[in-house]
Asks: 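Okay, here's the structure, questions in a sec.
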There are 2 protein chains.
Amino acid sequence: MTAIRYDGEVVVLGGRRTPQRKWVLNALIDSNGFVSAQTLYTRLVQLGSPVGLSTVYRTLRVLTEGGRADIVRDSNGERLFRYRPSVEHQHYILCRRCGLSTAVEATAVEAWAKNVATFSGFAEVEHTVELSGLCPQCRVRG
Amino acid sequence: MTAIRYDGEVVVLGGRRTPQRKWVLNALIDSNGFVSAQTLYTRLVQLGSPVGLSTVYRTLRVLTEGGRADIVRDSNGERLFRYRPSVEHQHYILCRRCGLSTAVEATAVEAWAKNVATFSGFAEVEHTVELSGLCPQCRVRG
DNA sequence: TTCGTTGCAAAAGGTTTGCATACCA
DNA sequence: TGGTATGCAAACCTTTTGCAACGAA
């Protein structure tokens, strides 16, 4: 999919380069945190980039499969996507109120997961870790 | 909700004791692992315990809120429920192929989560950890 | 008798898919 | 031109809800 230049960084993925995909990718990067497909869609339409909802979903899927986006689920089961600049596995803590997300140091968890993988007898172990709370700002606001 | 005796253990929750709730609770316990509401529903109907799907959902919700069930999400976003004998917070590793679940030692993760809570500036931090892989059996079967 | 609980059907959401059309390469 | 991507609407699925009827206490 699309190869675009954004803020000096070049994002390359297989497939065809279409305006829609550029829009979706840019909007995702601009979001600077986790967003739902629906939100992204609404935002794009409002900005005058008439993209179809299905295209948003399809693009996000491609990005995710290509390792360029992280997925997390909010408490309602809705999927939230976030652009991933690095290719490394990353964990975040998410504010339940405003959605602010911050990467967290998770070496300990990685180590633990690896350990469980070793001693559980399970193979091809994957892990999902989701942290949520109230960010400093929201914490103050009550 | 219901107070029933099962295999020597007494499960007590506030509310009214109805046959439906007993059936759902028993079916959940019998599942001995994670099951979806839909599966539980189908199973109950087949066993001749004509319970409504909404009742299954409502009962599972009550159980979860009462701390007597754990929830996990499978890769499709479907919620899986598991009866929780102890009241403690527990983590599992789930087989992606057969669904087998095994509790894992997660003190390290708990400690890490607490640590992140402390240093991230976030309050009321909650965490979700989901591990999946191929269990020894499925691993062998290919 | 009371009011929590049930069951059905309909509604809600989010996400996916079928298919004809548009368009990148 | 060939094959991929798009857009719309319909389909899907799981989960929730409205409401009248039921039944545990």
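Lettering follows sequence order; numbering is per chain, from 1.
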Asks: Just so I know, are the side chains of B:E130 and B:T128 near enough to count as touching, which here means a heavy-atom distance under 4.5 Å?
Replies: yes

Asks: When all nucleic acid strands are considered with a 4.0 Å heavy-atom cut-off, which category describes B:R79: base, sugar-phosphate, or nothing?
Replies: sugar-phosphate

Asks: Under 4.0 Å between a Lys/Arg side-chain N and an Asp/Glu carboxylate O for B:R82 and B:D70?
Replies: no

Asks: Check this for me: does the side-chain of B:R17 come within 3.5 Å of the base of D:dG23 through a donor and an acceptor?
Replies: no

Asks: Base, sugar-phosphate, or nothing for B:R73, non-hydrogen atoms under 4.0 angstrom?
Replies: nothing

Asks: Give the nucleotide from the list C:dA9, C:dT6, D:dT6 with an atom nearest to the side chain of B:S54.
Replies: C:dA9

Asks: Please report the distance, rounded to the nearest Å, between NZ in A:K22 and C1' in D:dA5.
Replies: 14 Å

Asks: Expressed in angstrom and rounded to an integer, what is the separation of B:L40 atom CG from D:dT15 atom C1'?
Replies: 15 Å

Asks: Whole-Å distance between C:dA12 P and A:Q38 CD?
Replies: 15 Å

Asks: Hey, does the side chain of B:T18 come within less than 4.0 Å of C:dT6's phosphate (OP1/OP2), counting only N and O?
Replies: yes

Asks: From C-beta outward on B:R21, which listed nucleotide comes closest to its side chain: C:dT6, D:dT6, D:dT14?
Replies: C:dT6

Asks: Please tell me which of A:R58 and B:G77 maps to the more 5' nucleotide of DNA chain D, matching each residue to the nucleotide holding its nearest heavy atom.
Replies: A:R58

Asks: Please give, in whole Å, the distance from C:dG13 P to A:L80 CG?
Replies: 17 Å

Asks: Distance check needed: D:dT14 P versus B:Y41 OH, whole Å only.
Replies: 13 Å

Asks: Do B:H91 and B:H127 have ring centroids that are under 6.0 Å from one another?
Replies: yes

Asks: Let me know the distance between CD of A:Q20 and P of C:dC23, rounded to the nearest Å.
Replies: 9 Å

Asks: Given atom OH of B:Y57 and atom P of C:dA12, what is their separation to the nearest angstrom?
Replies: 18 Å

Asks: Would you say the ring centroid of A:Y92 lies under 6.0 angstrom from that of A:F34?
Replies: yes

Asks: Taking the six-membered ring for Trp, are A:Y41 and A:Y57 closer than 6.0 Å centroid to centroid?
Replies: no

Asks: For B:E65 and D:dT16, give me the distance from atom CD to atom P, rounded to whole Å.
Replies: 10 Å

Asks: Specify the residue among B:R61 and A:V56 whose closest nucleotide of DNA chain D lies further upstream toward the 5′ end.
Replies: A:V56

Asks: Counting only side-chain heavy atoms from C-beta out, which of D:dG7, C:dT15, C:dT6 sits nearest to B:T55?
Replies: C:dT6

